[in-house]
Novice: 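Below is the structure I would like to discuss, written out as C-alpha cells.
The figures here come from the full heavy-atom set of this structure, side chains too, leaving out hydrogens, waters and symmetry mates. Lettering of chains follows the sequences in order, A, B, ..., and the numbering in each one begins at 1.
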Protein chains: 2
Amino acid sequence: MASPLEKARQDPNSMKARILAAARMIFGQYGYNDTTTRMIAKEVGIDISTLYYHWGEKQDLYEAVLADVGDEIQQELNEIERHVSGQSMVRRLETALDMMCDYLFSHPEVPNLILFGYFNKTQHGVTLDIKMTEHIANIAVAMDLAKNKKKVTIQAKARILAVWNTVLNFISGESFFRPMLETDREHYIQVVKETLKFILVPAFTAEK
Amino acid sequence: MASPLEKARQDPNSMKARILAAARMIFGQYGYNDTTTRMIAKEVGIDISTLYYHWGEKQDLYEAVLADVGDEIQQELNEIERHVSGQSMVRRLETALDMMCDYLFSHPEVPNLILFGYFNKTQHGVTLDIKMTEHIANIAVAMDLAKNKKKVTIQAKARILAVWNTVLNFISGESFFRPMLETDREHYIQVVKETLKFILVPAFTAEK
DNA sequence: AATTGTTTCCATCAACTGATGGAGAAACAT
DNA sequence: ATGTTTCTCCATCAGTTGATGGAAACAATT
C-alpha cells in the first residue's frame, strides 16, 4: 500500500509530485498561514480544485511536505555521518559543517520549514518532527559528547541544538544578512562556513 | 510635536499605550499576518474600530511596535556596554551574555519580533530596523574584533551575527526546545546561559 | 446649558480564504 | 460506440480579514 507521498516520489512528473514540489517551495518561503492554496495552484499552473483533488486539505499537503523534508534531512545526516567517521574531531566537525552548509544552501526551503516549526505558534498544530531527539542523540555520540545514545546529558543536547540553530540561521536569514554584509552569494556562503568553524570548532576541541 | 509612540509612553494607562502593549505581545506571538486586529482589540477589551481610531492601519501599529522594541534594545545594549567596560574579555563576554539572556527571557516577544523580521518573507515590507549595522559595529569594537567603528571586516560582522542569533534562538524556541530537554523554565534558562558561554567564550578568547 | 472635541461601539463593506459539487475532457479498455 | 476511470476546470459557498461611517456616550471648557 503506497502512501500518497511515496506515490508522488515514484514519478516526479506526476501531478501529485509537481504539486508537492511547488508546495514545498512556497510553504518554505511564506510559511503555512501565509501560503494560500491558490498560490500553489498558480505556481503549478493548475486550478485550485485540481490541487484539492490530489492532496485534499491544505493541512494534509503541508504534512506531506514536512514528511518529505524530514526524510531528506535524515538521509543527509546519515550520509554526513558515513563521510566523517573515523576522522579526528576537528576534521569531523569541519567536514560536517561544510557538507551541511552545501546541502542547506542548495535547499533553502528546508531551514525555513524547520524554523517555522520552531517559532511560529501556529494553531494548526502541524510540526516538523524529524525525530529531533533521536538525531541529537546520534550526533552527541558522534561528537564525543556522550558515550551512550541513551545517556545524553541535557548539556550535550543543548550544545548540539546551538550548533544546529546557528547553521540554520545563516541560511534562512540570507536575504536579511547578506545585504548587511554587502557581499554576493558565493562569498556569503564562504564567510558563513568560515564563521561557523571559527565559532564552533574551538568550543568542542579545547581541553577543559 | 509628540509622535503617537511618545504620547503612548507618557501615560502607560492611556488607551493608546494599552493597545500598543497588547499589540506588542500578540504580534510577538503570532507574527504580522497571523495577528488580526480583532485579536488585539479583544485582548485589550475594546472594539476593533476603537483600535483603528487610535492607531490607524494595522501596519502603522506594527511599525509603532517595532519602533518601541527597537528603542528598548538599543537602551539595553547601551546598559550592557556600560556595565562590562574595562573588564577582561572573558568577563565581558560572560556578563554580556548573562544580561542579554535575562532581558530577553523576561521579554520573549522581543526575540520573536526580530526573528519574524529575519525569516518571514512578508509582503508587507515592514522590518525591524534597529540600526543593526550600527550596533554590530559597536559590539565589534567592544569585543576587540575591530579597532575602528568604520572598519569592521565582514568576518567580524558575521561572527557577531552568529552570537546574536544563537542567543535569540534559545529564547524564541523555548516552547520547542524545553520539552525536548525535559526540564523546567528556571533550569532551562540556566542551561542556555551555560551553553552560550561554552560555545562562544572559547572562540573569542583562544589565541590563534 | 451649550458647545466642542474626544472616545466608544454597532453595522457594514469588499476582498480574500479554504473548500466543494458538478460538468465536462482525456485516456483506456471493452 | 460504449462504459469506466482518471483528471481538470468553472462557479460557488460560508467564514474571516482589514477597514470605514455614523451614531451615541463622555468629558471639558465656556
Novice: A/Leu51 has an atom CG; how far is it from atom C1' of D/dC9, in whole Å?
Specialist: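 Roughly 13 Å, once rounded to whole Å.
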Novice: Atom CH2 of B/Trp55 to atom P of D/dA19: distance rounded to whole Å?
Specialist: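 Atom-to-atom, B/Trp55 to D/dA19, this comes out as 15 Å.
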Novice: Over how many whole Å does the gap from A/Ile46 atom CD1 to C/dA19 atom C1' extend?
Specialist: 15 Å
Novice: Does A/Thr36 make a side-chain donor-acceptor contact with the base of C/dC16, cut-off 3.5 Å?
Specialist: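 It does not, because no donor-acceptor pair links the side chain of A/Thr36 to the base of C/dC16 below 3.5 Å.
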Novice: If I take atom NZ in residue B/Lys16 and atom P in nucleotide C/dT8, what distance separates them, rounded to the nearest angstrom?
Specialist: 11 Å
Novice: Could you state the atom-to-atom distance from CZ of B/Arg38 to C1' of C/dC13 in whole Å?
Specialist: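 To the nearest whole Å, that distance equals 11 Å.
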Novice: As a test of reading the structure: which of D/dT8, C/dC9, D/dC9 is closest to the side chain of A/Met15, going by heavy atoms?
Specialist: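 Closest of the options to the side chain of A/Met15: D/dT8.
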Novice: Let me know the distance between OH of B/Tyr62 and P of D/dT17, rounded to the nearest Å.
Specialist: 18 Å
Novice: Of B/Thr37 and A/Gly45, whose nearest nucleotide on DNA chain D comes first from the 5' end?
Specialist: A/Gly45
Novice: Under a 4.0 Å N-O cut-off, is there an ion pair linking B/Arg24 with B/Glu109?
Specialist: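 A salt bridge is present here (some side-chain N lies under 4.0 Å from a carboxylate O).
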Novice: Does NZ or CZ of A/Arg159 lie under 6.0 Å from the centre of the six-membered ring of B/Phe198, at an angle within 45° of the ring axis?
Specialist: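 Verdict for B/Phe198: a cation-pi partner in A/Arg159.
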Novice: Starting at CG of A/Leu61 and ending at C1' of C/dG18, how long is that distance when rounded to a whole Å?
Specialist: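 In whole Å, C/dG18 C1' lies 13 Å from A/Leu61 CG.
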Novice: Looking at C/dA19, D/dA19, C/dT20, which one has an atom nearest to any side-chain atom of B/Ile48?
Specialist: D/dA19
Novice: Expressed in angstrom and rounded to an integer, what is the separation of B/Arg18 atom CZ from C/dT8 atom C1'?
Specialist: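 Distance, rounded to whole Å: 12 Å.
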Novice: Any chance the rings of A/Phe177 and A/Tyr188 have centres within less than 6.0 Å?
Specialist: no
Novice: Side chain of B/Asp47: nearest nucleotide among C/dC10, D/dT8, C/dA19?
Specialist: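 Of the candidates, C/dC10 comes closest.
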Novice: Looking only at side-chain atoms of B/Lys58, point me to the closest of D/dC7, C/dT7, D/dA19.
Specialist: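 Of the options given, the side chain of B/Lys58 lies nearest D/dA19.
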Novice: Out of D/dC7, D/dG21, D/dG18, which nucleotide sits closest to the side chain of B/Tyr52?
Specialist: D/dG18
Novice: Using OP1 and OP2 only, check whether a side-chain N or O of A/Thr50 sits under 4.0 Å from D/dC9.
Specialist: yes
Novice: OP1 or OP2 of D/dT6 sitting under 4.0 Å from any side-chain N/O of A/His54?
Specialist: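 So the side-chain polar atoms of A/His54 never come under 4.0 Å of the phosphate oxygens OP1 or OP2 of D/dT6.
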Novice: Give a yes or no on whether a salt bridge exists between B/Glu174 and B/Arg185, defined as a side-chain N under 4.0 angstrom from a carboxylate O.
Specialist: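 Counted as a salt bridge, because a side-chain N and a carboxylate O are separated by less than 4.0 Å.
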Novice: Any cation-pi pair here, A/Lys58 with A/Phe27, using under 6.0 Å and within 45°?
Specialist: no
